[in-house]
Each structure stands twice: as structure tokens, then as C-alpha cells.
Amino acid sequence: MSDVLLTIEKLSVMYGDFIAVEEASLTVDEGQIVSLIGLNGAGKTTLMSAVMGLHKPASGKVVFNGKDITSAHTDRIVAQGLSLIPQGGRCFNRMSVQDNLLMGSFPKTARKGAKETLAHIYELFPVLKEKMRDPAGSLSGGQRQMVAIGRALMARPKCLIFDEISLGLSPAVIKDIYHRIRTINELDKTAVILIEQDTRRALRMSDSFYVMLKGRTVLSGKSDEVDAETLKDAYFGI
Ligand code: ATP
């Protein structure tokens, strides 16, 4: 049996009076890939933002690596080993690729081995080594996503959350990035949460899955065991 790394327990998040996430629950084991799927506006991003301390949950609990991190400061959460790669990657465009990457090594635990981690990231993404002195803004969309992934890796995460990494990228680039995500998972045993709209890709990549609908986690299971009809009903709320 694997050890549980992240537990989200009945988490609710409000935007004013609007309940964006309602008692959502999710578990990630160490080294596991979990996909979180659902329609636009289902609450996937809000749920993960709340886990990262970017929104204060109205109720519920988040435990990571044995520690209660509910409503903790994002810096502390990252230092504990949980990182999020936001939609669109988001780089500091005027800064060089290398400086963007180094920004990610702010946790004390990560600073010590920053040089080795940087070398590891350049091995994973050789194109970033080639362009290490170029401003991040001069890179292609896919390469900027790689910078964002690399920056998150600099914090030496135990779990990485990818928020719709494929958004706006070409199929070939998406394939390449997913291939590297798998390498990161296999080499470093980093657990992964994939927020995805492409259900088929998400299931292919992951060990287990969760479906969100109208703020709730309505279905979960092993990715290779789910029945297409059951999944469709949960996804669309039929
Ligand atoms: P997408 O795939 O479009 O990112 P999602 O599943 O991640 O969708 P969220 O972005 O978490 O969904 O949105 C959940 C709900 O909360 C939606 O109804 C959305 O309109 C609403 N919402 C999101 N952000 C805010 C905000 N800052 N203020 C008010 N409502 C918001």
C-alpha cells in the first residue's frame, strides 16, 4: 500500500455568497498521478488554489505530508513540497530564463541544492539550457510552460499541480510536455495532479481520477477501470 501524501477533506470555497467549491474531497498517494477533470467552471482551479493557500476555504481540511496546511501561507505550502503551475505558465518575461528558474528556489530547503536542481532541470529541458540567458518573453508558448515547470521544480516539490497545461499549445507541444511530466514523475517520484479538460488524455496519463461538477467531486476511481458511460454522466451531470 502507498502512503497518502495529500488529503483534501470536504473543502468548501466561497466567492462572496457563491459556493464555487462544495465539500470537495480528494486524495493523492506518494508518487501517484491523479487527474482532476470537469467542465469549465466546475471549480477545479478554485479547489487547487484553495489548497495552495491562494483562497481561504470556508470549511474543510487539507493535510499534506502529515501536516495540516489548511489556510496556510502559500510560501509555507511550497516549502512543504507542494507547487502549482498556473494556467498559461506565467513567466517573468523580462527576466532571463535562468533567473526565472532561480526564483523558484526560495524555500530554505531548496536553496542549498539549487545548483544541482538547476542542472537536473536543464537535463529535463535541454532547450532551456540553450536559452538560459534569453529573456523568458522571447520563448515560444511551450518553452515558457517549460520555464514554469522548471521554476516549480526548483522548490523540490513532492507534488506538482498542473492547471490545464495544454491550454493554447499545439498537439505536438502538448505531447512533448506530457512526456516530460511522466519523466519527472518516474525519475523523481514526484506526485502529480493534472487539471485537464481533455478527459481521454487525463485518464491515459493518470493512475486515478476525480470528476468535479458544480463545485463537487462527484466521481472518482482508477483511471483504467472507469466505464465510459458512468464517466460521461458524471462529467455532464446527467
Ligand atoms: P476552468 O476550466 O474554466 O478553469 P474550473 O473548473 O477551474 O474552470 P473555476 O475557475 O474554479 O472552475 O470556477 C468555479 C466557479 O467559480 C465558476 O462558476 C467561476 O465563474 C467562479 N469564479 C472563479 N473565479 C472567481 C472569482 N475570482 N470571483 C467570482 N467567481 C469566480
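For ligands, and for the atoms within them, numbers begin at 1 and follow the listed sequence.
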**Message:** Nearest 0.5 Å, please: how far is CD in Q143 from OG in S138?
**Reply:** 8.0 Å
**Asked** Among D188, T190, T117, whose side-chain hydrogen bond (donor to acceptor under 3.5 Å, both in side chains) with R156 holds?
**Response** T117
**Asked** Heavy atoms, side chains only, cut-off 4.5 Å: are S208 and Q32 in contact?
**Response** yes
**Prompt:** So, the side chain of R144 versus the backbone of L139: is there a donor-acceptor pair under 3.5 Å, distance only?
**Reply:** yes
**Item:** T217 side-chain N/O to A24 backbone N/O, donor-acceptor pair under 3.5 Å
**Value:** no
**Sequence neighbours excluded - ring-ring contact (aromatic ring centres under 6.0 Å, His included) pairs with any residue from residues 122-144** = none
**Proximal protein residues to ligand 1, non-hydrogen atoms under 4.0 angstrom** = Y15, F18, A20, L39, N40, G41, A42, G43, K44, T45, T46, Q87, E164, Q197
